[in-house]
Amino acid sequence: MKSKEISRLFDQIADALEFQGENQFKVGAYRKVARTLSEMAEDIEVIHREGRLREIPGVGEGIAQHITEYLETGKISKYEEELKKVPAELIQLMDIPGMGPKTLALANKKLGVKNLSDLKKAIENGSLAGIPGLGEKKVGNIRKGIARFEKVKERIPLGMALPLAEEIMTGLRGKFKITMISPAGSLRRMRETVGDIDILAGSSQGKKIVEAFTRLPMVKETLAAGDTKGSIITDEGLQVDLRVVPEKAFGAALQYFTGSQAHNVKLRGIAHKMGIKVNEYGVFRGEKLIAGQTEEGVYQSLGMQCPPPEMREDRGEIELAREGKIPRLVEIPDIRGDLHVHSRHSDGSGEIEEIAGKAREKGYQWIAICDHSKSARYARGLPEAEVLKVIEEIEELNQRLKGIRVLAGAEVDILPDGSLDFPDRILKKLDVVVGAVHQGFKKNVTGRMTRAMDNPYLKIIAHPTGRLISAREGYEIDIEAVMEKAARTGTALEINAHYDRLDLDDLNAMKAKKAGVKIAIGTDAHSVRMLDYMRLGVAVARRGWLGPEDIVNTWSADKIINWQKKQ
DNA sequence: GCCGTTTTCGGCCCGACTGTTTTCAGTCG
């Protein structure tokens, strides 16, 4: 995507300008457009061709020219100029925690620091600490910052961060009677990965709570500990920030620290024009507090609905909230069943009966067992005769079990020629057929998937892009073409809820809805415990602005079976 | 560099913590 590349260049221009002490709002202008471009669904070349560049928020005359130049010549002269003044190697040093543009400029000007090894030398021989304005402690912090910088700061998956946040909150609740405590930041917005964990508490005992926080068992290092704010590194190397605010300001603080930053900047801009100030202690008209106890109150005071945290990315939700048009998003209680679960018959670990029991416990009405098909040998895929036995087992279980219905499904491989791994005579016996590409990730995946959708038995495409958050980009695929075909054939696309997949992701889920495609959420659980990943899948759907009407999991078992049987 | 139901000029979100200041700058989120 060209918009991603342009976004990267703008970010680097922003870095270079910042280093040179350029006006922070000019820097911000580049950053804002970089962010918009990086998540834009529409093709930038189409926008350019239709003369609509200036309609992109934050794109004015100058930036429009840069974009045009890139699309016509493949480069941006402004970028080349800035890079000549400030080499990339130098810019990169700003990523060191504690090292901002000012400090770096000082080190560069006074000591000629040009790269990481220069910087290390300046620290070791004491010359950095000798610069006026810097001192031993500051240099000590930069030294620690370098250690973290070199460790390749990785973002951690939501599915790992959530339990850790819950553990920390439980630890604090055990020591204090805190009723108001919540995750904030990207964790509360349920982004697929988070860089750190933000936790907010409402209490008058800030200092004590921060102290207790820094003494929790998982704390390896304390970065900061004040009266209202603490910051620690866990033994796994993850940063956790805690803020404590008075109870009467909890709503305002929750709004504030949930972000996103872009959402808040826009919100505060609106408040400003209304003569209102919003900060983490409340909403103020002059000196007078007009809201702050609850988040709803904060938004209400600005004449808006309160958008769910998952929507707060400045993707148009503020405009909707002002018009009172925030959609009803899908919620966990809407989910009647899981559409992608493996049992011990292929590569899962649970007995079907055990899985059904857990599904009932979760309040589901049904659960679809979808073991692998025969070509998926690495996953102990089932030959036809075995599938028939599993179907029989499920029929017998359904006679016996109360309060839950098991659907006999399969995760059928989409083969290199686009055909399915089971013949129609098997497929027609199943309650739900999920198709998936498990091999040949670079071999005409778009063509194979669209051809597979010509088979009327195929109802769901599992993990449609094949990406793994920690490991790989995914298939070479034209996802728009897949969505278009899915809409035409009535095939659903999956949000795979495994924490390392979350595939489709939020933006693709949003795109799918616009294309008229239904979404199926499947945990891809290989053990009973993994059925809990449903909350991650629902989170992605909510981040994609999907409602219960978009999600197949909200249907009854009969409706799903009818869907499968109807060709 | 962008933007306009206050403005085509003069704003642009806002506060905590740290360290080095003797009243505040830099960094971070």
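In what follows, every chain begins at residue 1, and chains take the letters A, B, ... in the order their sequences are listed.
Salt-bridge check for A:Arg143 with A:Glu124: passed, with a basic side-chain N closer than 4.0 Å to an acidic carboxylate O. A:Arg188 has a carboxylate O that lies under 4.0 Å from a charged side-chain N of A:Glu295, or vice versa, which qualifies the two as a salt bridge. A salt bridge between A:Glu81 and A:Lys84 is absent, with no side-chain N of the basic residue lying under 4.0 Å from a carboxylate O of the acidic one. The residues A:Arg243 and A:Asp198 are annotated as not salt-bridged, no charged nitrogen and carboxylate oxygen being separated by less than 4.0 angstrom. Between A:Arg189 and A:Glu313 there is a salt bridge, with a side-chain nitrogen of the basic residue lying less than 4.0 Å from a carboxylate oxygen of the acidic one. Taking the charged nitrogens against the carboxylate oxygens, A:Arg535 and A:Glu331 have no contact shorter than 4.0 Å, which rules out a salt bridge.
The interatomic distance linking A:Leu106 (CG) with B:dT20 (C1') rounds to 13 Å, in whole Å. Rounded to an integer number of Å, the gap from CD of A:Gln24 to P of B:dC14 is 12 Å. Nucleotide B:dC17 holds its P atom 16 Å from the NZ atom of A:Lys137, rounded to whole Å.
Under 4.0 angstrom from either OP1 or OP2 of B:dA16 there lies at least one side-chain N or O belonging to A:Tyr281. Contact annotation: A:Ser231 side-chain N/O to B:dC28 OP1/OP2 distance is not under 4.0 Å.
Proximity of a side-chain donor or acceptor of A:Asn279 to a complementary backbone N or O of A:Gly282 within less than 3.5 Å is detected. The closest donor-acceptor contact from the side chain of A:Ser7 to the backbone of A:Ala34 lies under 3.5 Å.
Within the shown strands, B:dG1 is the pairing partner of B:dC12 under the Watson-Crick or G-U definition, both distances less than 3.5 Å.
A heavy atom closer than 4.0 Å to some atom of DNA chain B occurs in A:Tyr256, A:Gln261, A:Val265, these being the qualifying members of residues 246-267 of chain A.
Mapping A:Gly230 and A:Asp198 onto DNA chain B via the closest heavy atom, the residue that lands nearer the 5' end is A:Gly230. Positionally, the nearest nucleotide of DNA chain B for A:Glu280 lies more toward the 5' end than for the other of A:Leu223 and A:Glu280.
Remark: A:Asp506 pairs with A:Arg315, A:Arg543 by the salt bridge (charged side-chain N to carboxylate O under 4.0 Å, His left out) rule, at least two apart or across chains. Not a single salt bridge (charged side-chain N to carboxylate O under 4.0 Å, His left out) links A:Glu287 to another residue, sequence neighbours left out.
Residue A:Ala271 is out of contact with every strand shown, counting any heavy-atom pair closer than 4.0 Å. Among the heavy atoms of the strands, none lies under 4.0 Å from A:Glu22.
Note: A:Ile326 CD1 to A:Glu319 CD = 9.5 Å, rounded to the nearest 0.5 Å.
Using a 4.5 Å heavy-atom threshold, the side chains of A:Leu502 and A:Asn496 count as separate. At a threshold of 4.5 Å between non-hydrogen side-chain atoms, the residues A:Arg467 and A:Asp505 count as touching.
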I'd like a list of close polar pairs between nucleotides 21-27 of chain B and the protein, N/O only, cut-off under 3.5 Å.
{"unit_1": "B:dG26", "atom_1": "O3'", "unit_2": "A:Thr103", "atom_2": "OG1", "d": "3.3"}
{"unit_1": "B:dT27", "atom_1": "OP1", "unit_2": "A:Gly100", "atom_2": "N", "d": "2.9"}
{"unit_1": "B:dT27", "atom_1": "OP1", "unit_2": "A:Gly100", "atom_2": "O", "d": "3.2"}
{"unit_1": "B:dT27", "atom_1": "OP1", "unit_2": "A:Thr103", "atom_2": "N", "d": "2.9"}
{"unit_1": "B:dT27", "atom_1": "OP1", "unit_2": "A:Thr103", "atom_2": "OG1", "d": "2.4"}
{"unit_1": "B:dT27", "atom_1": "OP2", "unit_2": "A:Lys102", "atom_2": "N", "d": "3.2"}

Using a cut-off of under 3.5 Å, enumerate the N/O to N/O pairs linking the protein to nucleotides 5-7 of chain B.
none

Using a cutoff of under 3.5 Å, can you pull out all pairs of nitrogen or oxygen atoms linking the protein to nucleotides 1-3 of chain B, with atom names and distances?
{"unit_1": "B:dG1", "atom_1": "O6", "unit_2": "A:Asn23", "atom_2": "ND2", "d": "3.4"}
{"unit_1": "B:dC2", "atom_1": "OP1", "unit_2": "A:Gly60", "atom_2": "N", "d": "2.6"}
{"unit_1": "B:dC2", "atom_1": "OP1", "unit_2": "A:Gly60", "atom_2": "O", "d": "3.3"}
{"unit_1": "B:dC2", "atom_1": "OP1", "unit_2": "A:Ile63", "atom_2": "N", "d": "3.1"}
{"unit_1": "B:dC2", "atom_1": "OP2", "unit_2": "A:Gly62", "atom_2": "N", "d": "3.3"}
{"unit_1": "B:dC3", "atom_1": "OP1", "unit_2": "A:Gly58", "atom_2": "N", "d": "2.9"}

